[in-house]
Q: 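Shown below is the structure under consideration.
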Amino acid sequence: MSEKRQFRAIKGTRDILPPDSALWNWFEQTARETLESYNFREVRLPIFEETELFARSIGADTDVVGKEMYTVEGRPPQEVEEFRRCITGHGSRIKADRFVLKHLVHDVEQVVPELRLAVKAGDVPDTQENQKLLDGIVAHGARLQAHLRGEAILSDEQVLQLSQTIVWAAEDLRLGEAMTLRPEATASVCRAFIEHGMQTLPGNQKLYYVGPMFRRERPQKGRYRQFYQIGAEVLGQSDAPAIDAEVLEMLLVLFKRVGLANTTLYINSIGCKDCRPKYVELLREELRKIRDNPATTGKLGPDSQRRIETNPLRVLDSKLPEEQPVIEKLPRISNHLCAACRQHFSELKDELNLREICYEENWRLVRGLDYYTRTTFEVTATGLGSQNAVCGGGRYDGLVELLGGPGGVKGIGFAIGTDRAILSIQESGNLSRLPGLSVLIARMGTKAYPVAVNIARKLRACGLAVELPPQEMKFGKALSLANKLGARYAVIIGDDEVTSGTFTLKRLADADQRTLNESELLEYLESERRGSGA
Ligand code: AMP
């Protein structure tokens, strides 16, 4: 008999239950409406992509790619596995014996062309590594064949070594596609932009997405392994600072609409491919000096020490209290921007002032991912503890080209962390505009039933959320249920109402009660719905 066990959601994932799910839907709907009012349009992307897409765009040295991705190797078709086994199966029988060798060489000659066809057909990943391994198998097979024909003389040791190398190379072939659950979606948007030739469409492309992302981080409040983002990207030929400013304006308009209070916008410029590398080198030099003279300069922790070589900008992200005095004295990028980047940043600030957007400059805002250039930004909110960033973003002018797309395409975008935005709204208790159950219908008596079914259908057609309990109920009990469910109104239908062709409408907040005929009831509740925004 199987053991009785209870299943739980996997660590770092969670269920979003009613009534929270209504808040989520409303938040996402408000985001869609706001983004669409700025002429952004939705792109629906796959949840998983080729691993290489993220490694190349986000950067191999980042935490996201290095430690946090959920990657699986897809299963190749069965016949492809069998082709490989024809070679690897020789592993246990390798001998410097003509008969054994003949078999191995024969199998290599038969199987390699089949594997090459599978690469061509897209059943096996077309990677440089796979091509190298297949070329190696062919070359070693040819040497063994020459030996068998007496055209080359190999020692027993050489024969054994070549045979073994062939078997190992076949074992190393990656037959299944490496796929990763997306840790973010900017790379996917760029991949889609390139794949569908969107650079030929008129104007800048303004796209948004809504959906789950996956990172293997240590779960805590506001940090999950499956979390949700709403993101927007502008891709095209122009990198005018007005685009950056409009994206930020849109973001803040959305936060205002959803009642996300007490947010702070931080901005920075991290330079371009001309000035940033020089600054990074300068920073690295300074950090090395600190590492080598801790007694005079102050100490860096092990993470920052490691980052001096791999990604010195990330040292600026450090939150360790003992590193703060050291970091405050480091050279600042704002003093090392090239003239074009300085001008871009200054125009961005003018554009923000024009739109009456408040911001704070934060020279340490470098963001974790490799692809950012020039403008970077982050929005923080209250009520979230240490995970207080609700949105991050920036410019990534070279990313499309880096991913094999056309040159000259500029990009800017952001991702809002929906989980955190909603947590912050909940903490602030600012939920007054949230739609919920509008009407509960209470009925008594057999004649009331068809009237109730009919009016429920009409109210729902007007866009109201209506609960019609399956059983009749004493009116006192019905009103108490309506209260518990959070309904705003109760429509009461008893014998009197059926006889007179009317409805009794009760507003639960203040017990206001009125008697209305059908068209008056529909008109009244519909106008209430419009007025409440529900
Ligand atoms: P990033 O893609 O790292 O720039 O993150 C953008 C936003 O997504 C952050 O500001 C957070 O609000 C949110 N976010 C990132 N990682 C997580 C996570 N593990 N759990 C919840 N929200 C996250």
Side-chain angles (χ1 to χ4, degrees), residues 9-16 20 24 27-28 31 45 49 53-54 57-59 61-70 180-190 208-233 247-248 251-252 254-255 258 260 262-268 270 311 313-314 316-317 319 362 364-373 375-396 399 411-427:
I10 286 176
K11 195 172 160 202
T13 73
R14 61 203 183 118
D15 303 306
I16 293 156
D20 288 357
W24 277 72
F27 183 90
E28 288 177 348
L45 301 157
E49 298 265 6
L53 175 70
F54 301 116
S57 58
I58 300 172
D61 284 337
T62 58
D63 285 350
V64 171
V65 171
K67 302 191 218 157
E68 297 169 1
M69 294 207 301
Y70 287 97
T180 293
L181 287 177
R182 60 182 187 191
E184 56 109 55
T186 301
S188 303
V189 173
C190 291
Y208 77 87
Y209 57 83
V210 179
M213 309 291 153
F214 305 85
R215 294 182 197 171
R216 193 185 280 113
E217 293 191 90
R218 195 169 52 77
Q220 63 185 91
K221 180 181 170 192
R223 201 206 266 162
Y224 311 98
R225 292 182 166 180
Q226 175 172 337
F227 61 98
Y228 295 80
Q229 287 186 338
I230 298 171
E233 318 283 353
V247 161
L248 289 168
L251 189 59
L252 297 180
L254 169 61
F255 285 167
V258 294
L260 194 60
N262 296 326
T263 54
T264 310
L265 166 66
Y266 295 96
I267 60 167
N268 189 23
I270 58 166
N311 199 344
L313 281 178
R314 290 291 314 280
L316 306 182
D317 269 346
K319 306 253 176 346
N362 176 1
R364 288 174 57 178
L365 185 67
V366 291
R367 320 250 323 117
L369 318 183
D370 268 6
Y371 53 59
Y372 286 111
T373 53
T375 314
T376 56
F377 55 89
E378 199 161 86
V379 180
T380 60
T382 49
L384 294 169
S386 62
Q387 304 301 314
N388 65 350
V390 285
C391 176
R395 212 163 241 299
Y396 46 86
L399 184 57
I412 182 165
F414 63 72
I416 298 167
T418 313
D419 306 73
R420 291 187 197 172
I422 286 185
L423 263 176
S424 179
I425 294 171
Q426 284 172 324
E427 296 274 336

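Indexing begins at 1, ligand by ligand and atom by atom, following the structure's order. The structure presented is a predicted model; accordingly, all values stated were derived computationally and were not measured.
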Q: Out of the candidates Arg223, Arg14, Arg225, only one should pair with Asp419 under the salt bridge (Lys or Arg N to Asp or Glu O under 4.0 Å) rule; please name it.
A: Arg14
Q: When you pair each N or O of ligand 1 with protein N or O atoms, which pairs come out under 3.5 Å?
A:
from: ligand 1; atom 1: 2 (O); to: Arg215; atom 2: NH2; distance (Å): 2.8
from: ligand 1; atom 1: 2 (O); to: Gln229; atom 2: NE2; distance (Å): 3.3
from: ligand 1; atom 1: 3 (O); to: Arg215; atom 2: NH1; distance (Å): 3.0
from: ligand 1; atom 1: 3 (O); to: Arg215; atom 2: NH2; distance (Å): 3.4
from: ligand 1; atom 1: 4 (O); to: Arg367; atom 2: NH2; distance (Å): 2.3
from: ligand 1; atom 1: 8 (O); to: Gln229; atom 2: NE2; distance (Å): 3.0
from: ligand 1; atom 1: 10 (O); to: Ala389; atom 2: O; distance (Å): 3.3
from: ligand 1; atom 1: 10 (O); to: Cys391; atom 2: N; distance (Å): 3.4
from: ligand 1; atom 1: 12 (O); to: Ala389; atom 2: O; distance (Å): 2.8
from: ligand 1; atom 1: 19 (N); to: Glu217; atom 2: OE2; distance (Å): 2.6
from: ligand 1; atom 1: 19 (N); to: Tyr224; atom 2: O; distance (Å): 2.8
from: ligand 1; atom 1: 20 (N); to: Tyr224; atom 2: N; distance (Å): 2.9

Q: Applying side chain to side chain donor-acceptor pair (under 3.5 Å), run through Glu233 and Thr186 and close with a yes or a no.
A: CA-CA 7 Å; Glu233 318 283 353; Thr186 301; 2.9 Å; yes
Q: Give the intermediate values and the outcome of side chain to side chain contact (heavy atoms under 4.5 Å, CB included) for residues Thr375 and Ile267.
A: CA-CA 7 Å; Thr375 314; Ile267 60 167; 5.5 Å; no
Q: Do Arg216 and Tyr70 meet the cation-pi criteria used here (NZ or CZ under 6.0 Å from the six-membered ring centre, within 45° of the axis)?
A: yes
Q: Between the main-chain N or O of Leu365 and the side-chain N or O of Asn268, is there a donor-acceptor pair closer than 3.5 Å?
A: yes
Q: Might you confirm whether atom NZ of Lys221 has over 12 heavy atoms from other residues, nucleotides or ligands at distances under 6.0 Å?
A: yes
